[in-house]
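Please read all numbers here as calculations on a predicted model, not as lab measurements. Below, chains carry the letters A, B, ... as their sequence lines are ordered, and counting in each starts from 1. The basis for the numbers below is simple: all heavy atoms, side chains too, and nothing from hydrogens, waters or symmetry mates.
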Amino acid sequence: MTVASYPPAPREYFLRDARYMARALVGAWLVRSAPGDVRVVRIVETEAYRGPGDAACHARAGLTRRTRTLLGPPGFAYVFLVYGRHECFNVVCLRDGSGHAVLIRAAEPVTGIARGSRCDGPGRVARAMGITRAEDGCDLTGQPLYVSPRQGRVSVGVSARVGVAYAGEFAGRPWRFFDRASAHVSRPPASAIGLGNGKE
DNA sequence: CATATGATTCCA
DNA sequence: GGAATCATATGA
């Protein structure tokens, strides 16, 4: 397999609500293609963040230094630091100023990922792909970092988002999506099907 | 300027 | 179970 097997998605691919974008990204590929550094992972878990009206979305703060790319045009990377140590990688979508984005929460190593390096968990995905805040605002429709659409079918599970308990009624919205067949989802899918996970 | 906290991970 | 660790957002 070469990078040619994973063509970049065009801008139009990103012009949709985060709910649909998040679902579409399950099974899609995230590719880093730079001279001497080719990495590919298969996305298996995502979450939708839906703009200023979503109490869990950073866009609720309005236009600030941090939300500049989140509130920018679709098809670009929104990368932020959480808990002072972990970078989180998001795909901005829908339309310029909408504040919609999809958090990539977990992936499966495909190519160029160091052996033993895990990709389950948003901080780990970013680290495995070498994504830092330096990539914030990066255009995702071409090299060096891009998304390649899913090939084939995927059975997608749905659950509430993780780590957003502070968001009131929005904490329970079923805006997390994952590949039911993947062993690399960051949390047990059991929490997903409404059976509860013993917490919260 | 001061302070609280987080879209998490790692270790005990 | 709890600490780590710092940029951001918010309020004085």
Side-chain angles (χ1 to χ4, degrees), chain A residues 14 17-26 28 30 41 43-72 74 76-94 98-109 113-114 116-138 140 147 156-179 183-189 191-192 197-200:
Chain A
F14 301 97
D17 188 296
R19 274 186 306 186
Y20 299 96
M21 190 80 249
R23 183 179 279 275
L25 285 171
V26 174
L30 181 60
V41 295
I43 297 166
V44 298
E45 182 183 346
T46 62
E47 279 176 358
Y49 288 85
R50 306 186 60 220
D54 175 2
C57 182
H58 291 163
R60 68 186 183 278
L63 187 58
T64 65
R65 179 181 164 133
R66 183 205 219 180
T67 61
R68 196 167 134 179
T69 55
L70 174 59
L71 288 165
F76 289 77
Y78 168 49
V79 184
F80 66 90
L81 185 71
V82 72
Y83 293 108
R85 35 174 73 183
H86 308 293
E87 320 265 355
C88 291
F89 169 70
N90 299 255
V91 175
V92 177
C93 61
L94 191 56
S98 68
H100 277 227
V102 175
L103 171 69
I104 306 304
R105 285 195 55 89
E108 296 171 348
I113 304 301
S117 163
R118 299 170 61 183
C119 302
D120 49 330
R124 295 186 185 129
V125 171
R127 194 176 56 181
M129 289 301 285
I131 296 171
T132 70
R133 280 164 291 167
E135 276 69 42
D136 185 46
C138 174
L140 296 174
V147 170
V156 178
V158 181
S159 84
R161 294 175 293 184
V162 175
V164 296
Y166 60 87
E169 60 175 312
F170 286 89
R173 298 286 167 85
W175 293 347
R176 171 177 177 245
F177 303 86
F178 56 90
D179 179 353
H184 290 256
V185 171
S186 72
R187 311 224 170 174
S191 66
N197 61 0
K199 287 187 164 186
E200 296 178 47

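- Counting heavy atoms from C-beta outward, A:Met21 and A:Leu94 have side chains that stay 4.5 Å or more apart.
- With A:Phe178 as the aromatic partner, A:Arg105 does not meet the cation-pi criteria of under 6.0 angstrom to the ring centre and within 45 degrees of the ring axis.
- One can place CZ of A:Arg66 at 10 Å from P of C:dT10, the figure rounded to the nearest angstrom.
- The shortest distance between side-chain heavy atoms of A:Thr46 and A:Val91 does not fall below 4.5 Å.
- At least one side-chain heavy atom of A:Phe80 sits under 4.5 Å from a side-chain heavy atom of A:Arg66.
- Nearest nucleotide to the side chain of A:Arg124, out of B:dG6, B:dC10, C:dT8: B:dC10.
- Between the base of B:dA7 and the side chain of A:His86 there is no donor-acceptor pair shorter than 3.5 Å.
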**Prompt:** So what's the dot-bracket for DNA chain B: Watson-Crick or G-U pairs under 3.5 Å, [ ] if a pair crosses, | if it pairs off-strand?
**Reply:** ||||||.||||.

List every contact pair, protein side and nucleotides 5-7 of chain C side both N or O, where the distance is under 3.5 Å.
unit_1	atom_1	unit_2	atom_2	d
C:dT5	O2	A:Tyr83	O	2.5

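- Side-chain contact between A:Val162 and A:Arg176: present, with at least one pair of heavy atoms (C-beta onward) separated by less than 4.5 Å.
- Spacing between atom CD1 of A:Ile104 and atom C1' of B:dT8 amounts to 16 Å, rounded to whole angstrom units.
- In this structure, the side chains of A:Asp120 and A:Arg187 stay at 4.5 Å or more apart for every pair of heavy atoms.
- Put simply, A:Arg127 has a side-chain N or O that comes within less than 4.0 Å of OP1 or OP2 on B:dC10.
- For the pair A:Arg65 CZ and C:dA9 P, the interatomic distance rounds to 10 Å; values are reported in whole Å.
- Mapping A:Tyr166 and A:Arg118 onto DNA chain B by nearest heavy atom places A:Tyr166 closer to the 5' end of the strand.
- As a whole-Å value, the separation of A:Glu87 CD from B:dG6 C1' is 14 Å.
- Applying the 5.5 angstrom centroid cut-off and the 30 degree plane-angle cut-off, the aromatic ring of A:Tyr49 is stacked upon the base of B:dA7.
- Atom C1' of nucleotide C:dA9 and atom CG of A:Leu70 are separated by 15 Å, given to the nearest angstrom.
- Between A:Asp120 atom CG and B:dA7 atom C1' the separation is 16 Å, expressed in whole Å.
- A:Val164 is not listed as a side-chain neighbour of A:Phe170, based on a closest heavy-atom distance of 4.5 Å or more.
- A close approach under 4.0 Å does occur between a side-chain nitrogen or oxygen of A:Arg105 and OP1 or OP2 of B:dT8.
- Using a 4.5 Å heavy-atom threshold, the side chains of A:Asn90 and A:Leu70 count as separate.
- When the options A:Arg60, A:Arg173, A:His100, A:Arg161 are evaluated for a side-chain hydrogen bond (donor to acceptor under 3.5 Å, both in side chains) with A:Asp54, the one that passes is A:Arg161.
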